[in-house]
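In what follows, chains carry the letters A, B, and so on, assigned in the order in which the sequence lines appear, proteins first and then strands, with residues in each chain numbered from 1. Remember, it's a predicted structure, so these values are computed and weren't measured experimentally.
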Amino acid sequence: MFEQEKQILDELIARFCQERSLPTGKLEWRSIPFSGEWGIAAPLFPLAAADPARTQPVPQHAQALAEALRDSIKLPAGFSRMEAVRGYLNLYYTTSEYAKKVIDSVLASGSRYGSREPEGKPIMVEYSNPNTHKPLHVGHLRNVILGGSTCNILEASGKRVIRANYLGDIGLHVIKWLCNYEKYHQGEQPGEDKTRWMGDLFAEADRRFAYEEGFEAEVRAYFARWDARDPHIHALWKETREWSLEGFKQVYDLLGEHFDRIYFESEVEEPGKAAVEQLIKSGLAEDGRPDLPVVVNLDQILGTKEEYRVVIVLRSDGTSLYATKDIPLAVMKFNEYDLEKSIYVVDVRQTLHIKQFRKILELMGYPWADKIHHLAYEIVNLPGNVTMSSREGTVVLLDDLIREATRRALEVVQEKNPELDPAQMQAIAEAVALGAIKYPMLSRENTKMVTFDWESALDFNGQSAPYIQYAHVRANSILRKVGFQQESGADFGMLTHPSEVDLVELIARLPEEVQRAARELKPNLLANYAYDLAKGFNDFYNQCPVINAEPALRAARLALVAAARWCLGNTLRLLGIRAPEVM
RNA sequence: GCCCUUGUAGCUCAAUGGACAGAGCACCAGCCUUCUAAGCUGUUGGUUGCAGGUUCGAAUCCUGUCAAGGGCGCCA
């Protein structure tokens with residue numbers, strides 16, 4: 001926001017350092033952590049510690065240097081005063097100019113505030129990766145939400161992004177499903193909620209596979225026919241897979257997700273086997289078939305010890321594995337696109353596997369192998385550290401959760417805004433419910449486990465998405481009431497109330513928060529910022545009347561409210577959470 | 001056995017190596033003739049698992065240790 005001013009300051013300080021033969025480039029600017037006034041601060045401790053002329057302890061010397069700086073450099077334009085306190089040099093902005101700069105910049109950019117134009121090579125983010133013919137539960141949600149908002153944030157930070165989804169459309173789970181369908185549900189069609197119906201049938205097939213006499217044998221026989229490319233089974237597979245895809249589309253639409261590139265596991269199976277042959281030929285893989293599988297002994301090749309372990313790349317019966325397919329998939333990605341980076345949003349339990357196949361790709365000579373990046377996240381558990389498993393029946397289905405959350409949100413809307421029409425109420429309830437579900441998964445660090453429980457998932461109060469959405473609604477409500485048109489010429493020097501000062505500071509932070517969240521691939525930084533921003537706005541809302549303020553102050557506050565609304569709306573959008581106008 | 005992650009208020013979590021470790025939930029006491037109370041104010045709550053080390057400065061970095069979870073040759 002004040003890059004030029006900072007640069008001038010840096011030059012002044014550099015000159016000061018040279019005169020005293022101090023090392024340069026040791027100062028880092030941060031904002032002053034106390035509320036009430038805007039400014040930047042620099043700790044002088046590093047400089048003091050490096051000063052050869054130092055004769056006293058570092059803290060005292062830092063204070064002395066801060067005082068010397070304060071007295072020797074001329075206050076640059078844009079700053080109103082300077083002070084040396086406890087080893088820090090604090091510079092305060094000219095308040096009216098600062099507020100004007102921040103608010104004008106937001107109002108000029110609107111929905112683009114906080115974002116940069118995408119440029120450069122694209123980054124591919126692979127996420128979601130559901131299995132067809134299976135139910136979606138809350139565990140899958142974290143992946144989608146994390147991946148989706150990571151994409152939004154990368155885009156806003158100025159990167160081109162390709163959203164990729166790798167679908168598990170083959171394997172034993174599919175065969176089970178098909179076999180069960182043919183035997184017990186011949187000719188049935190999915191209903192309105194396709195994912196749920198597919199999921200129910202999967203659960204049934206899975207149960208039969210585990211408990212029903214003879215069913216496993218039938219499935220094995222069915223698998224053999226599949227392998228022999230039985231045309232009837234392949235036709236049924238294609239048809240039923242389509243049902244799953246349509247169901248996923250419904251869920252993605254609801255969640256606000258879309259993908260640019262879809263990969264199917266089925267399309268990389270044969271290329272995977274070919275890649276294994278190549279590995280064997282080049283001596284990287286040992287072929288133990290028919291008794292043993294094909295393995296790449298990475299530790300032996302690299303001379304490492306219990307670090308990369310041994311990777312099985314093909315079963316002894318010649319069928320493929322996860323690792324088999326990851327090799328051609330990565331090759332496909334880099335052949336098709338000139339990627340800056342290829343990110344895999346995959347849960348933390350697969351860390352070793354990703355490390356392994358990246359190393360195999362490197363050994364195969366692909367120069368882009370080091371561009372593969374694992375965005376690891378912890379899984380979602382149920383209370384008592386129970387892992388979600390459809391077999392154990394320990395799952396919370398996505399469908400059930402969304403339905404219940406929407407029902408509860410609808411109750412609140414009906415109570416608060418009975419005059420709205422039903423379609424609008426439904427839309428608001430959905431936005432609130434989805435936000436409430438998404439927020440806890442976004443606001444935690446990626447590496448921390450999320451424990452799902454109904455009570456907190458359906459809590460619309462406190463540190464939650466509805467709280468942030470509500471702040472947006474309040475800002476919107478004020479602007480709507482006065483028919484706010486972007487007026488110019490407000491005197492921002494009037495924004496001197498501590499909560500106004502805080503709010504301007506919070507708004508000013510968005511661009512750098514986006515950059516940092518993108519750099520570190522941590523949407524939770526932005527989720528926490530969104531909450532701080534909403535809190536700052538609510539504080540302002542409670543303490544500073546806008547509509548009934550006297551005209552000059554009212555104009556300045558209205559512009560501030562408009563800036564806050566853009567900022568809240570934009571931040572929510574980056575998190576993949578809708579920002580309703582009314583709720 | 002080897003490796004990874006986590007450990008902060010009763011609970012769930014924050015905190016670019018920087019100024020006094022902050023929120024929410026829960027508990028208790030208040031605030032709706034006033035821009036929507038999905039809100040706000042106040043009270044209570046801490047040896048940042050433990051022990052060392054590095055540093056002017058450590059919840060943050062390093063070493064050790066304890067605890068929980070996860071990964072490690074034919075699951076994905």
* Structure fact -> Picking from B:rG71, B:rA14, B:rC56, the nucleotide nearest the side-chain atoms of A:K448 would be B:rA14

* Asked: Side-chain N or O of A:R474 less than 4.0 angstrom from OP1 or OP2 on B:rA37?
  -> yes

* Donor-acceptor side-chain pairing of A:Y467 and A:N538 below 3.5 angstrom -> yes

* Return the nearest nucleotide to the side chain of A:N538; candidates are B:rG39, B:rG69, B:rC56. => B:rG39

* Is the distance between the ring centroids of A:Y88 and A:F45 under 6.0 Å? -> yes

* To do: Check for a donor-acceptor pair, side chain of A:N528 on one end and backbone N or O of A:N524 on the other, with a separation under 3.5 Å.
  => yes

* Could you give the NE2-to-P distance, from A:H353 to B:rC74, as a whole number of Å? -> 11 Å

* Asked: Does the base of B:rC2 carry an N or O that pairs as donor and acceptor with the side chain of A:R309 under 3.5 Å?
  -> yes

* **Proximity to the side chain of A:I32 - top-ranked nucleotide from B:rC56, B:rC35, B:rA19** => B:rA19

* Asked: Ignoring hydrogens and geometry, is there a side-chain-to-backbone donor-acceptor pair from A:T406 to A:E430 under 3.5 Å?
  -> no

* B:rA14, B:rC72, B:rC75: which one has an atom nearest the side-chain heavy atoms of A:E445? -> B:rA14

* Nearest listed nucleotide, side chain of A:P33, among B:rC13, B:rA19, B:rC35 -> B:rA19

* **Contact nearer the 5' end of RNA chain B, comparing A:I478 with A:L352** => A:I478

* Is the centre of the A:F357 ring less than 6.0 Å from the centre of the A:Y344 ring? -> yes

* Asked: Any side-chain N or O of A:T447 less than 4.0 Å from the OP1 or OP2 oxygen of B:rU6?
  -> yes

* Looking at the side chain of A:I312, which of B:rC35, B:rC56, B:rG73 is the nearest nucleotide? -> B:rG73

* To do: Ignoring the backbone of A:Y531, work out which of B:rG24, B:rC13, B:rA19 is nearest its side chain.
  => B:rG24

* **Presence of A:R516 side-chain N/O under 4.0 Å of B:rU16 phosphate oxygens OP1/OP2** => yes

* Structure fact -> Considering only heavy side-chain atoms of A:Y88, the closest of B:rG24, B:rC72, B:rG18 is B:rG18

* To do: State which of B:rC56, B:rC75, B:rA19 makes the closest approach to the side chain of A:R315.
  => B:rC75

* Out of B:rA14, B:rA19, B:rG70, which nucleotide sits closest to the side chain of A:R444? -> B:rA14

* Base B:rC35 paired with A:S477 side chain (donor-acceptor, <3.5 Å) -> no

* Asked: For RNA chain B, whose closest nucleotide is more 5', that of A:D459 or that of A:V450?
  -> A:V450

* Asked: Does A:K535 put a side-chain nitrogen or oxygen below 4.0 Å from OP1 or OP2 of B:rG24?
  -> yes

